[in-house]
S.K.: 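Please read through the structure below; I'll follow up with questions.
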Amino acid sequence: MLKLYSHVGSHDDVIGLFRRMQAFNLRPDAFVLPILIKSAGKGGTGIQTQVLKLGFESDRYVRNAIMDMYAKHGAMDVARKVFDGIPDKAVADWNVMVSGYWRCGDEVEARCMFDSMPERNVVSWTAMVSGYSKCGDLENARRIFEEMPEKSVASWNALLSGYAQKGLVEDGLRVFEEMMDSGFRPDETTWVTVISMCSVRGDLKLAESLVGTLHQRRIELNCFVKTALIDLYAKCGSLETAQQIFNSMAFRNPVTWNAMISGYARSGNLTLARQLFDKMPERNVISWNSMIAGYAQNGHFATAIKLFKEMVRTKELKPDEVTTVSVISACGHLGALELGKWVVKLIVENQIQLSISGYNSLIFMYSRCGSMEEAKKVFREMPSRDLVSYNSLIAGFAIHGHGHEALELLSRMKEEGVEPDRITFIGILTACSHAGLSKQGRQIFESIEYPAIDHYSCMVDLLGRAGELDEAKRLVNNMPMKPHAGVYGALLNAARIHKHVELGELAASELFELEPENPGNYVLLSNIYASLGRWGDVERVWKLMQVRGVKKTTACSWVEFNHQIHQFIAGDRSHERTKEIYEVLEKLGKRMRELGYIADKRCVLRDVEEEEKEEMVGTHSEKLAIGFGLLVSKAGEVIRVVKNLRVCGDCHIAIKMISKLTGREIVVRDNNRFHRFEDGECSCKDYW
DNA sequence: GTAGGGTTAG
């Protein structure tokens, strides 16, 4: 009975049954003990003393179970001691050691154990195949597999899972065919692996043919297979079918729930994902990760952080690296440096080991929060780097306008044998553009073997910013591919910077065709007209927007304070400190007027009527955010603001003035780049 | 009666 429970039930079921056994005054014997040890899990490491008390330390099955328990918890040194003390070692004892060493990633010891075995069985060989499979060494997995004197379904499955994990669908399916040709009947494990392999494709046709086969062969669908199918349908976008399978299941494990949650989260249906998350009986760390990542990937950064805070507060489960990667990235998107640092503190406190992508997320976060020194420090100190590490830091240099540093890093990565890719060059060209390094940018562009369309966008932006409008136009006309909105967008922005009406109109007319719904293009064009005082044309663009039903994107800006995001929109009065904010701004506005600053009507398509009258009061989101920043920050502290759109030209002047009048450094990150305002100057030169 | 193979998250 206990054996049966240990196979189908949970740890609690086994312990429950054992308690009843004890109630009858029945002491565990050498048959019961291994089952108990196996089921004891993490809390069971003290079990050895109990075993000694009962006098079963010399039973080979009990010993094997103890060894296995230590091995499964990574205590290979303890397992080794038990193993060395066994006088009559059985194959099973060797096998425990081999798989134990593989489990903790010790290929050398695993190999050594396997090589010194006096005899091997199919389990020993399969453990080796599985070990190589799991660490991605398919060559050796295959080699060992071929050498096996005898194979089992488990051996095939071990090999298959290697292909599945590497995403090698074609090769994997070939192995699957090979397996059936050799007369092995796929079992449920095989099907789970094959289904998961196909999930990567997201191909509904393939999914349906697979289900057809399962039906034809009258395969019993256990919980694992059904879960794999849920994931398959979810990844093909058929959430309804996935939900149907989910509903039909009498027994669901946490993975089943998670597959469903992440399916909804990926497809952007966060409400349904959250409902399942709230309803599921036993959440694990992956449930939290799926939900948090779901919010983060769909742009709900603040909600992702909020849920993470809840995870930490309730202590239901400890966050792991994956959790922190999502949250750190969300902090980066929001520019929430204090929150980001708090998460880093948690990583250190909880001793969460970071992988390369963990460190990469830190580089991203610090870069997007304006701390390039910290970003560089992470890059310097991380144990190893990949292409993404370089690209993240280069992108950081790009939004900061640190062109030379970006170029230096490009040379360095080449020296270190890391091949730059499409993304690298987007970063490099953007950095050159923002830093005004047009000569270097051109050289880089010429050096790209097959420039992608995005590289043309960057190049148009670079030439445009540098004032080479004719050349920018020529580049657009001579592109080997059809220009997309990004290319014309760069051209339009160049026209805005240099107040070039004809070019602006040309770019805008293309953009109005390509993306008539994008309000940004209308705003840019009208800004050009406004900068020249052509109010009639401004009005015309505004009417065009109205006729086409295009709504201006609501601009919002935010400041982080006390681990909270304080967000503002133009004319906002909802913030609890609204009165003080407006007072601060009004005072500054007064002094500006005294100094001869006169508001003009450059900033068009306003959200608030009031702005027409008063240049500071009731005004743009970034000014409100700065007003709040002035209130809550300490003297000498940098005021950091993030805006979801471009900083408007009117504000740009105003912020320069604010920095001069208050003697404060103000950093604004908009959707394009960082603007560092200090003593009446800004690092960004493309504003009037 | 031991030991090997499976599904979910960045």
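Numbered from 1 within each chain, the chains take letters A, B, ... in sequence-line order.
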S.K.: Please determine whether any donor N or O and acceptor N or O are separated by less than 3.5 Å between the side chain of A:Q297 and the base of B:dG10.
M.R.: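 Checked by distance alone, the answer is no.
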S.K.: Does a nitrogen or oxygen in the side chain of A:S262 sit under 4.0 Å from OP1 or OP2 of B:dT8?
M.R.: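 The answer is no; no side-chain N or O of A:S262 sits under 4.0 Å from OP1 or OP2.
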S.K.: Tell me which nucleotide among B:dG6, B:dA3, B:dG10 gets nearest to the side chain of A:T193.
M.R.: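 The listed nucleotide nearest to A:T193's side chain is B:dG6.
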S.K.: Counting side-chain heavy atoms from C-beta on, which of B:dG5, B:dA3, B:dT8 comes nearest to A:D231?
M.R.: B:dT8
S.K.: Between C1' on B:dG6 and CG on A:L229, what's the gap in Å once rounded to a whole number?
M.R.: 13 Å
S.K.: Looking only at the side chain of A:E321 (C-beta and beyond, no hydrogens), which of the listed nucleotides B:dG10, B:dG5, B:dG6 gets closest?
M.R.: B:dG10
S.K.: Are the side chain of A:K235 and the backbone of A:L232 linked by a donor-acceptor contact shorter than 3.5 Å?
M.R.: no
S.K.: Take atom CZ of A:R63 and atom P of B:dA3, then tell me their distance rounded to the nearest Å.
M.R.: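 In whole Å, B:dA3 P and A:R63 CZ are 15 Å from each other.
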S.K.: Planes under 30° and centres closer than 5.5 Å, is that true for A:F224 with the base of B:dT7?
M.R.: yes
S.K.: By the 4.0 Å heavy-atom rule, please label A:A228 as base, sugar-phosphate, or nothing.
M.R.: nothing
S.K.: Please tell me if the side chains of A:C135 and A:W102 come closer than 4.5 Å, counting only heavy atoms from C-beta onward.
M.R.: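 Side chain of A:C135 against side chain of A:W102, heavy atoms only: contact under 4.5 Å found.
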S.K.: Would one find a side-chain N or O of A:K89 under 4.0 angstrom from OP1 or OP2 of B:dA3?
M.R.: no
S.K.: Choose from B:dG6, B:dG5, B:dA3 the nucleotide whose nearest atom is closest to any side-chain atom of A:E188.
M.R.: B:dG6
S.K.: Heavy atoms under 4.0 Å, any strand shown: does A:V98 hit a base, just sugar-phosphate, or nothing?
M.R.: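 Nothing: the residue A:V98, judged by heavy atoms under 4.0 Å, touches no strand.
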S.K.: Establish, with yes or no, whether the OP1 or OP2 oxygen of B:dT8 is under 4.0 angstrom from a side-chain nitrogen or oxygen of A:R266.
M.R.: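 It does not, given that no N or O in the side chain of A:R266 lies less than 4.0 Å from OP1 or OP2 of B:dT8.
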S.K.: Taking the minimum atom-to-atom distance to the side chain of A:N222, which one of B:dG6, B:dG10, B:dA3 wins?
M.R.: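 The closest nucleotide is B:dG6.
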S.K.: How long is the line joining CD1 of A:I195 and P of B:dT8, in whole Å?
M.R.: 11 Å
S.K.: Does B:dG5 have its OP1 or OP2 closer than 4.0 Å to a side-chain nitrogen or oxygen of A:K134?
M.R.: yes
S.K.: Within 45° of the axis and under 6.0 Å from the centre of the six-membered ring of A:F184, does NZ or CZ of A:K151 qualify?
M.R.: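 No; the conditions do not both hold, so A:K151 does not lie above the ring face of A:F184.
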S.K.: Counting any heavy atom closer than 4.0 Å, what does A:S355 reach on the DNA or RNA strands: base, sugar-phosphate only, or nothing?
M.R.: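 The residue A:S355 makes base contact.
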S.K.: Using a distance-only criterion (donor-acceptor N/O pair, under 3.5 Å, no hydrogens), is the base of B:dA3 paired with the side chain of A:D93?
M.R.: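 Flag unset: no donor-acceptor pair detected.
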S.K.: A:N253 side chain: which of B:dT7, B:dG5, B:dA3 is closest?
M.R.: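 Of the candidates, B:dT7 comes closest.
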S.K.: Which heavy-atom pair separates A:E178 from A:R142 by the least distance, and what is that distance?
M.R.: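 In terms of heavy atoms, the two residues are closest at OE2-NH2, 2.6 Å.
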S.K.: Quickly work out the A:M128 CE to B:dG5 P distance and round it to whole Å.
M.R.: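 Computing the A:M128:CE to B:dG5:P distance gives 13 Å.
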S.K.: Nearest to the side chain of A:N64, which nucleotide is it out of B:dT2, B:dG4, B:dG6?
M.R.: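 Within the option list, the nearest is B:dT2.
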S.K.: Quick one: which of B:dG10, B:dG6, B:dT8 gets closest to the side chain of A:I286?
M.R.: B:dT8
S.K.: Would you mind telling me which of B:dT7, B:dG5, B:dT2 lies closest to the side-chain atoms of A:V255?
M.R.: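 Of the candidates, B:dT7 comes closest.
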S.K.: Categorize A:T126 for me: base, sugar-phosphate, or nothing, with a 4.0 angstrom heavy-atom threshold over every strand shown.
M.R.: base
S.K.: Are more than 12 heavy atoms from other residues, nucleotides or ligands located less than 6.0 Å from atom CD of A:E282?
M.R.: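 Not buried by this count: 12 neighbours or fewer within 6.0 Å.
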S.K.: So what does A:S326 hit on the nucleic acid, given a heavy-atom distance under 4.0 Å: a base, only sugar-phosphate, or nothing?
M.R.: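 Sugar-phosphate: the residue A:S326, judged by heavy atoms under 4.0 Å, touches backbone atoms but no base.
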S.K.: Using a heavy-atom cut-off of under 4.0 Å over every strand shown, decide if A:V285 touches base, sugar-phosphate, or nothing.
M.R.: nothing
S.K.: Look at atom CD of A:E147 and say whether more than 12 heavy atoms of other residues, nucleotides or ligands are closer to it than 6.0 Å.
M.R.: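 Check passes, neighbour count above 12.
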